[in-house]
Structure formats: structure tokens, C-alpha cells
Amino acid sequence: MTRVHLAPPLASRVDTGSEAFVKNRSDMLEQLDEIEQLLDEANGGGGPKAMDRLRSRGKMPIRERIFNVLDPDTPFLEISALAAYKSDYALGGGMVVGVGIIAGTECVIMGNDPTVLAGALTPYAGKLWMRALEIARDNRIPYINFVESAGGDLRVQAGDGDSKRRRVEILHFAETGRFFYEMIELSKLHIPTVCITFGSSTAGGAYQPGLSDYNIVVKEKSKIFLAGPPLVKMATGEESDAETLGGAQMHAEVSGTGDYFAEDEMDAIRMCREVVSHLNWRKPGPGPTFTPDEPTHDPEELLGLVSRDLRRPVDVRDVIARVTDGSRFEEFKARYGTTMICGWSTIHGYPVGILGNNGVIYPDSAQKATHFIQLCNQVDIPLVFLQNITGYMVGKDFERDGMIKKGSQMINAVANSTVPHLTVIIGSSYGAGTYGMSGRAFGNRFTFLWPTAKIAVMGPKQIAGVMSQVRRAQAARKGIEFDEEEDAAIVAMVESIQEKGSLALRATGAISDDGIIDPRDTRTVLGMCLSVVRNREIEGAEGYGVFRL
Amino acid sequence: MTDRIDTLLVANRGEIARRIFRTAHEMGIRCVAVYAEADAAAPFVADADEAVLLHVGYLDGAAIIEAALATGAQAVHPGYGFLSENAGFATDVEAAGLCWVGPSPEVISTMGDKLAAKQAAVEAGMPTLPSSDDPTRADDVGFPLLVKAAAGGGGKGMRIVESADALADAVAAARREARSGFGDDTVFLERYVAKSRHVEIQILGDNHGNLVHLGERECSIQRRHQKIIEESPSPIVDAAMRTRMGEAALKLASAIGYRSAGTVEFLVDDTSHEFWFLEVNTRLQVEHPVTEMVTGIDLVREQIRVATGEPLGYDQDEISFTGHAIEARLYAEDPSHEFLPAIGTLHAYEPATTPVVRWDTGVGEGSVVGVEFDPMLAKVIASAPTRVEAAQRLALALERFHLGGVVTNRDFLAAVLRSPEFLTGDTTTDFIHRVGPARHRELDSDEMARFTVAASMWVQAHNHAHAVVLPNVRSGFVLGRIPPQRITWEVGDDTITVHYRSRRDGSFVFGVDAENGQAIIHGWSADHIDIEWQGLRRRYRVTRHDRTIYLSDGRGTAELHQVPRFVVPGTDAPTGGLVAPMPGVVLEVRVVPGDVVIAGQTLVVIEAMKMEHHMNAPSDGVVAEVRVAEGDQVDNGELLIVFESDLEEES
């Protein structure tokens, strides 16, 4: 039975012929084109030679392994496909993570890319891996490991790599390895962990099968050992070959590390699907209970709403009208705190509360958001944050009005909200606004960026300007003549660096989000996330009634 | 003589049983079916008001009479085949106090003996072909000649002999078939007319001496000496010839005291239009519907009326002929393999709603076609004001028929009907050999692509509609990069893999590295897909059974087998070896494992449709395994013999 949310469709008029729209659209398409090319590059993993070598050994590239494990014609949500952007590592970071459907069950799949450093763990792969584990835990979905990993990148550990590569190594070895702990945690939380070992899986890699609930090994392909023949020889002098030391047959028949013995890769993937099909995975919540009709406004028009420089204001309702079912939106407190748009709708039949920015957050807009978040927690409705926020308002009047106090109320509400949060950054995401609108650091379930997103502590102009003022003040204090020309050059440079550093691609390269999406796919991506979060009971925060603020 | 029938037993099965039930029901008569175990699920049993199981089979006359008496039937209609021309059975029926719907046992007896019938025809002044009942006296007949079984019919026990040196073998073979087919190995020789047509006159008589003929049927299109396309009127018979043939037939009928429906068969010389008497069939013919459609007379109704003693009530002048009717016999057989019978389950079986034609069908969707009975599935009959229109209408009805699961002659029938030779009426008995219509629809690469795309899109839509989670999210949406969706199909001997992705606008693009086509789904349901591909929109009727998809595009039905993504190791079927080309019974196994055989050597003999088929070694080799024994029932495609080379390839 489906119900229809009774709210009327939004009246949204976008002048698709306007100069601004046309320009925005062509800018957006240009950025999307760049992203497509980067995705193609990431798809190539360690490059054509490595791919050919892999295939010549009768092996499938990681993305083909993932394709084959998924149910036909079901969607797949890759997480941070452009990890390691502008780093010294292959684009993608040597690991593919995504959410897909296996035997009718939403799972998170993590796979080493053996064409990149033989699947050795790059810092980016480590971060991606942690993200995969987090998705499994937060949403209670089975965790699937496709392992083929040489273990840690010894060149980094030993410090004999080039200097640039060492620079990204920010963790001491003593701090690493949390993923192993997290895998065990999953099992403890009754979230199944399934592992296929496709190839060599050494040292750290060996614990991936070791710590999984289910373990599938591939005849003559899986090699699982704490130390490979060279290290064993170094440690004990023992001579051994890889197959005897850690072959699939040995593990399936002797050590018991392997539970399922597969004839080949496809057979292993088949077994993996069978394992998932027996997991008896039940989603607690109701499925989509509202009519999931398409928006009445064309999502194609999302391409022309946001300007590349973010200077033009965007009415976030124009975005909402192209994302929600039937473009419906029931606006809450429409005449109060008008820079914060709050209201209810449904996406792919799932009820949602939406918060979107129509400008800077004022004290009243903060209180409105706080009120709204509490209401959604009362009735267990997930929240969607559409971020386009320069921050909380500054200035005498606003400080006097309790901007800090009211802003803190809002941040408190966001932090203590227990319904799932989904965040889409469509434009700016600056300062405390990033947190207040449920940014990555605030424990949301998923964060996606439009290509136009910019994320930083503040706008590039503001940073450059503030720093310039500080220099001017220092000069005045020291009684030195202030070099206007030099300052102008510094301002321009800072602005440029900050601007580049805040771009969506940089953020996604650092895996500070789940990836960049085409604005036209916003509804689809949110729909998938809303389904995924329903693998876990949705329970709003308890404790107090709703404070009318 | 019964003067009233309120319950009729039909001693037959399949389409003819249903056809008789239809008329009987319309006449207010309750119907009793008899059925063999293998027909327990057949539609005709369900159509009857009551049914009685025949433990031995349809030739068990005593059981049939017992069933009639037990169910209170007053009459027995024998249909065609089985006991329909068995005078002994007719006698027993009448002796049991039941009404026999057919001619008198004496007439059946006389006409059933080909030589006696011929004698009667000669006495009635009918022209007959030179013949001899002594199979060694070929000179009295002249070559080419036919060796025919005296008790035969339907082409069984029949051989064409071109010259004296082939005579002895042909006689021996005909005798063998006659013995196994009819329990009587009497054969005779008859002159063979090379360029001939088969034309027959439908006659109808009552117990009061009234006799009419209902014009002719031409049944020249034959394969394996069995009719597959029949029509009325014949393209070469004009009114004068019809009258001549009709009068000749009636003269014979009158002379032998014929009652009920019967058929006098003639051989007509295509060039001279001379005709010779062949035989009299003392029953309802398979092809009777074409006569019904041009005369408007229900022959089964007339048979039942006459059987109760009613007079015909009309004379020859009142018989008129309107338009043209053509019948095609749909067989479970493989035209590409010498029309050998095929078996299987009819997973798809649905006539199109238009054009409206008559379907006399014995099966339905889900019917299992076995080897127990004649492999005719249905008769499809179209009528129209003109012959060409009737032919086209029938062809279209066949082409639009959603039919799959069993190999049939449907495409072949349509090809015959669409051939210029057929459309101009150039129909001689050597038609199939001479014209060579396509045995099966050959798909060109474009049609193949259309079918694979349509099948893939149907599977996609099915998967999407049945998605357990995210049923509303775009089919196969991908954020990031994984390979496009992929389905591999086996179509005949071809294996085709298609790749596709969905697009935001709901359409699909095909291809891997480059787009090679766009598909738009305009409609989908469990049993159809309406799809646009490369600018052309088509609606397909679709049925899926396991991994096989049957798609009908209005030109026939394609069968696409989806190759599974995963194969459980050890479950793939062995390849190679010697396989049965048709269902049948193993008569003889001539080798044991370890035997060295040479190409062409007969290894196994199978009997199917009462004919022997020799299974020969495809190449030189060593027999590794013999998987059948004498008396085994084998299915089409079943592995009989495994050679050592196959085992090596497997390992």
C-alpha cells in the first residue's frame, strides 16, 4: 500500500533561456565532462599493462568481479571513486568500495585492485577501507571483502620510496590497523563479513580472510599466509613454495581457514552470492510507503541552477522541486527564519525532512532548523541536508541576538539527532555551516558533492582578506610601512590556493565525502541511500519533547 | 439404428476429438472421451463431459465399447485414424446396440482393401492407374512405380521405385513398415505419375439413398507422403471437371451403398488434367474443414444426423461453393531434419487475435508432446473470397502465432503459403522438392540483433520489476564505474553477447566501448515487450521458461537461450558423441565400449514414427560408453554413444 504525501508540488520557475542559466549549465557540463574522464582513468586502475597482465593470468579486474557479484540490472553506488585525486597514487587509490545488491541484499563491497601496487594498501586505500567498514556498521549491511593484497606498502614503511609519497604517510604504524578491529566489531554486531581471496593475501592482507565470518578461497589462485616464502626464509630459514605455504587447497583441507573451495573466480563469486542469499537479511523498516512518482519539474534543469563562482544566490526550493517525488514539498515555518528552508517530502517513496540553505544562517534560521530537526526525530524521519552555506551570521546585532547560543542549539540538535542524515553539498560549505548542516565530521550516513561544491573553513576571499588585515595590523603595531603592492599579490595568491583547495575534486580526492555526483542523479543517489539506511531501525532521539524555539 | 443420440462417445483423441465435441455440444449432445494414460492432461479430456481411461490404448475396441455402455452413450464416433476404418470394430459397435457414426462395416471392409476398392471402382467405370498385386510383376505396371501397402495409408509402407534393380529392396522395406504399421505386410505395385496432383471428392450419403458430393479438396503439398496443406477448391479444377469428378465419385458411392461422410481420392495429371481413382476413405478426413468452410456444411453434424437415420434433406443442386479455404497442418517435427518428429513441452502456444482463422487444435500452452501419438498439433484453416487472400491470411496467422518449446513446421508452412509457386496455384505433389521453401526462418544479423535486444530488455524489465530492494531506482544505475550490463544468448548455433546501460531518460544504450544502438521500452509486462530499436518499434509476445525466452515478432517465434552467468562445476552436460536426432525407441545397439568404428558405420537403430532410422558413426573412433540399451525410449538430443575423443576433450 502506498500513500501520497498530500503536500502540493512546488511552483518552481527556472528561466532556462537566461544568460546565467545557459552559462551555469555549460560550466556544469564542462566540469562533469572532466569528472567522466577522471572516472575513466580510475576505471583503468594501474594502467593497461597491469590490466593485461592480470587478464593473462586468468583473472578479472576488480570492477568486473564486483559487476559479477551484483544482481543483474540493480544499481551500484561507488564510494569515492576519485580517491587519491592529484596524489602520487593511481586514481582510485588501489581500492574499489561501493554499495550494491547481492541476492536482493544491500551490501558494502570492498575490493583491492591488484593492478595497483599488487593491491598493497595505500594510505587512500586504508581510508577507503575504513569508510567501507563504517558504512557497513552504521547502516547494518553485510560487508563483502574481495581480497588480493600484497599487504602494507613496504616502500612507504621502509621510507625508501620517493619523498612525496612519504609525505602522505601521516600515521605511525602503531596507529594503523584499526580496520582489523572494525571487522571484528562488525561480526560482534551480527553484521556478516564475507571474504573472497582472489590472489595473494599476505601479512595484513591475510587477516582479511582470517577475520571474516565466511571465507571463500579460489583453487590455485588464493595464497594466504602471514609471510610469503621470502620472509619465511629470512625468519626461520625454511624453504617453501607459496601453494604449500598458503594455497587454497591447503586452507580448505588442512588449516580450515577457507570455508568454501572455488574452482575459479566466477565460481567463487557464485559462492559469495549463495552465502549472502542464506544470510536471512531482513530490513526492519517499512519499504518505500509513499508514491514514488518522478518530479514534475525536469531534473535536467539542475544543471543550470548553481554558478561556478557561487556568487549568484540559489533558491534551494528549485533544487528540492527537482529531487522530490512529484516535486512535492510541505514547507515548515515558511515565513520565519527564511534563509533556512525546512520541510517534508518523500524521495523514491521514502519520507524525508529536508533542510536547505537560502543564504547565511541567522539566529532565527538556526532556531527554525533546531525545531525542525527535533520534529523529524519525533517521527523517525531521515534528514536530507542540501548545503549551500557560507556560515552563521557575524556582526554586532547578531552576536547580541545570541548567534552563538542559537547556532550552538542547532549544532547540538544536529549532533544529537539519531535519524539518518544524508548530505548533499551543492555549493558552498564553509566554517561552522559545514558542521551545522551535518557535514562529514558530524556523523552523517552519506555525503555527496555536486561539482560546484566548495568546502573550507571560510571563503577564499574572506581568508585572504582576513590574513591581509592581520598583516596590516602587525605592520601598524611594528610601525613598518605596509606594502600594498606586496599585500595585493599575497591576497591574490592566497585566494587562488584556497580556491583550488576548496574544490569538490580536492575534497573527494581526500575521501572527505562519498563522491561527486551529477546533479541530475541527486534523486537517484538519495533514493539509494534512503533504502540503505533502512537496513537499520530508524529511531529518533529520545529524552525531551520538542522545544519550541 | 438409434433414432436419438443424447450422449456420444468419441473414440479418438487430440484435435479431432475436440472438433467432434464442439459440434456435438452445439447439437445438445453430451460427450464422452476415452483417453490413454499419456493423454491424461490433454485438453480434449477436459472438454468432454465425462472421460474413461483406456488402459491399453486407443486400439482397444472392447474397452471403448464397454466405456460407451457404461456411460450411457448411444453412439460412437471414431474420428480418423485408430479404429475409424476398422470394419471389425464397427461391427462390434453395432452388435453392442450402439450407433456407429460412419459408413456400414461392409463398405469399410471393402474400401479398406485397396485392391478390392480398386476392383469396385473399375466396375463403376472409374479410370484407375495400372497396377499389380504381385510385387514381382513390375512390367505390367511400368516404371516409375509405387510400392504400396494394401492396408496402408498416410505414406507408411510406400516407396517410389525408378527402375527394376531397386524393386526388391523397396518391396522388402515396404513390407517391413507395413507389418509394423498395420500388422499386414501385403503390398502392391502401382504406376507412379511424376507430375501429379492429389485431388479428392468429399461425398455425403444417408440411409435413404441420397448422395451428394461437396466438391473437391486439393492436397498435393505433401512431405513424406503426408499432406500438410489442403485447400478447396483446387486451383486446377473448374466447374466442368468438378462435375465430372463428382459424378464419378457418386457413381461409385451409389454402387457400394455409401452412407455418412467419405472421400474418394484421385490422382490428377497436372498437364492433361486426367484423373485416376486412388482409394476411398470411409471416415471423416483430417482436412474436412476446408470443405466445411466453402460449403457452410458442418460435416460432423451431417454424420451424426445421418447416423440417426435422418435424411440429408437437400440435393446436389443446393450445394454451393463460396470463396476459398486453405488448411495447414501444424506438426511437431523438424523440417530441417527430414521432418523427423520432435518432442517437448509447448511453453508458448497462443494464436494471435487477428487474423481470425479456424484453429482445430489438440494442445495448449504447457502441453507435452511425446512420441506416443501422431505429432500433429493443430490444423489452421483460413478462408477468404480469393485463394491468394486465403493463403496470405493463413500465412499471417501462422507467422503471428506465439509458439515455442517444440520444433514445428510452422515457418515452413508459412514459407510454402508465401511462395510465388503456391500463390499461382502451381501445386503438384513434388512441390516441396521442386520449390524448396525455406525449412526454417533464417534470421539475418539485423533481426538477430533485434531479438537479442528485445529479449535482453525484457529480462532487464523483469529483473527491475521484481527487484527486492530499490525497485524504483533507475535500472542498473551506476555511480562510478563498473562494466555495463551483459547478457549472453544462444540463438540456434550462434552465441551473442549484448551489453547495455540505462540512461537518465529511461532509454538504453547498447555497446561496450562505443554506442551501437539505442532502445526505448514503450511498454512491458510479463508476457510482452513493446520496444523501439534503431527507429523501428515492435511489439513482441514473450514467454520465458527457465532460461529460454520465446519472442514472437509477427513473423514467427525466436527461441533464445540465456547463458547463465554461473555454472555449478560438474553440472555442464557432456559434449559431442552420438545423439538421437529424434525421439524414439532403440531397436538395436550394434557396438560395445572399446569397439573401433569407422565413419558411417551404423551403431544404433532407432524406431520412430514406425520407421527405422540408422544412427551412424560421425567419424572414425573408439566407443567409450554406450548409454542406451535395446528397448530404451530416447528423447530428441539424448546422448547415445560417447567416443573416447569426446572424453579427452572434456577433460
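Proteins come first, then strands; the chains are lettered A, B, ... in the order of their sequence lines, and each starts at number 1.
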Stepwise, does the side-chain contact (heavy atoms from CB on, under 4.5 Å) test hold for A/Val96 with B/Ile482?
CA-CA 10 Å; A/Val96 179; B/Ile482 54 168; 5.8 Å; no
Partners meeting salt bridge (Lys or Arg N to Asp or Glu O under 4.0 Å) with B/Asp494 (sequence neighbours left out)
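Salt bridge (Lys or Arg N to Asp or Glu O under 4.0 Å) list for B/Asp494, sorted by chain: empty.
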Part of [X] lying under 4.5 Å from any heavy atom of chain B:
X	value
A/Ile516	backbone
A/Ile101	side chain
A/Pro292	side chain
A/Leu77	both
A/Ile79	neither

How about A/Pro75 and B/Val478: do any of their side-chain heavy atoms sit closer than 4.5 Å?
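No. Closest side-chain heavy atoms not under 4.5 Å.
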Polar pairs (donor with acceptor) under 3.5 Å from chain B to chain A:
{"residue": "B/Asn463", "atom": "ND2", "partner": "A/Asp73", "partner atom": "OD2", "Å": "2.8"}
{"residue": "B/Gly476", "atom": "N", "partner": "A/Asp73", "partner atom": "O", "Å": "3.0"}
{"residue": "B/Phe477", "atom": "O", "partner": "A/Phe76", "partner atom": "N", "Å": "2.7"}
{"residue": "B/Leu479", "atom": "N", "partner": "A/Phe76", "partner atom": "O", "Å": "2.8"}
{"residue": "B/Leu479", "atom": "O", "partner": "A/Glu78", "partner atom": "N", "Å": "2.9"}
{"residue": "B/Arg481", "atom": "N", "partner": "A/Glu78", "partner atom": "OE1", "Å": "2.9"}
{"residue": "B/Arg481", "atom": "O", "partner": "A/Arg63", "partner atom": "NH1", "Å": "2.9"}
{"residue": "B/Arg481", "atom": "NE", "partner": "A/Asp40", "partner atom": "OD1", "Å": "2.9"}
{"residue": "B/Arg481", "atom": "NH2", "partner": "A/Glu36", "partner atom": "O", "Å": "3.2"}
{"residue": "B/Arg481", "atom": "NH2", "partner": "A/Glu36", "partner atom": "OE1", "Å": "2.8"}
{"residue": "B/Arg481", "atom": "NH2", "partner": "A/Asp40", "partner atom": "OD1", "Å": "2.9"}
{"residue": "B/Gln485", "atom": "OE1", "partner": "A/Asp73", "partner atom": "N", "Å": "3.0"}
{"residue": "B/Arg486", "atom": "NH2", "partner": "A/Asn68", "partner atom": "OD1", "Å": "3.2"}
{"residue": "B/Tyr500", "atom": "OH", "partner": "A/Asp73", "partner atom": "OD1", "Å": "2.5"}
{"residue": "B/Tyr500", "atom": "OH", "partner": "A/Asp73", "partner atom": "OD2", "Å": "3.3"}
{"residue": "B/Arg504", "atom": "NE", "partner": "A/Asp521", "partner atom": "OD1", "Å": "2.8"}
{"residue": "B/Arg504", "atom": "NH2", "partner": "A/Asp518", "partner atom": "OD2", "Å": "3.0"}
{"residue": "B/Arg504", "atom": "NH2", "partner": "A/Asp521", "partner atom": "OD2", "Å": "3.0"}
{"residue": "B/Arg565", "atom": "NH1", "partner": "A/Phe67", "partner atom": "O", "Å": "3.4"}
{"residue": "B/Arg565", "atom": "NH1", "partner": "A/Asn68", "partner atom": "O", "Å": "2.6"}
{"residue": "B/Arg565", "atom": "NH1", "partner": "A/Leu70", "partner atom": "O", "Å": "2.9"}

So, for B/Val469 and A/Gly104, which heavy atoms are closest and what is the spacing to 0.1 Å?
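Here B/Val469 and A/Gly104 meet closest at CG1-O, 3.9 Å.
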What pair of heavy atoms forms the shortest contact from A/Ala81 to B/Gly480, and how long is it?
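For A/Ala81 and B/Gly480, the tightest heavy-atom pair comes out as CB-CA, 4.3 Å.
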Among B/Gly476, B/Ala467, B/Pro484, who wins on heavy-atom pairs under 4.5 Å with chain A?
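Result: the option with the highest number of such pairs is B/Gly476.
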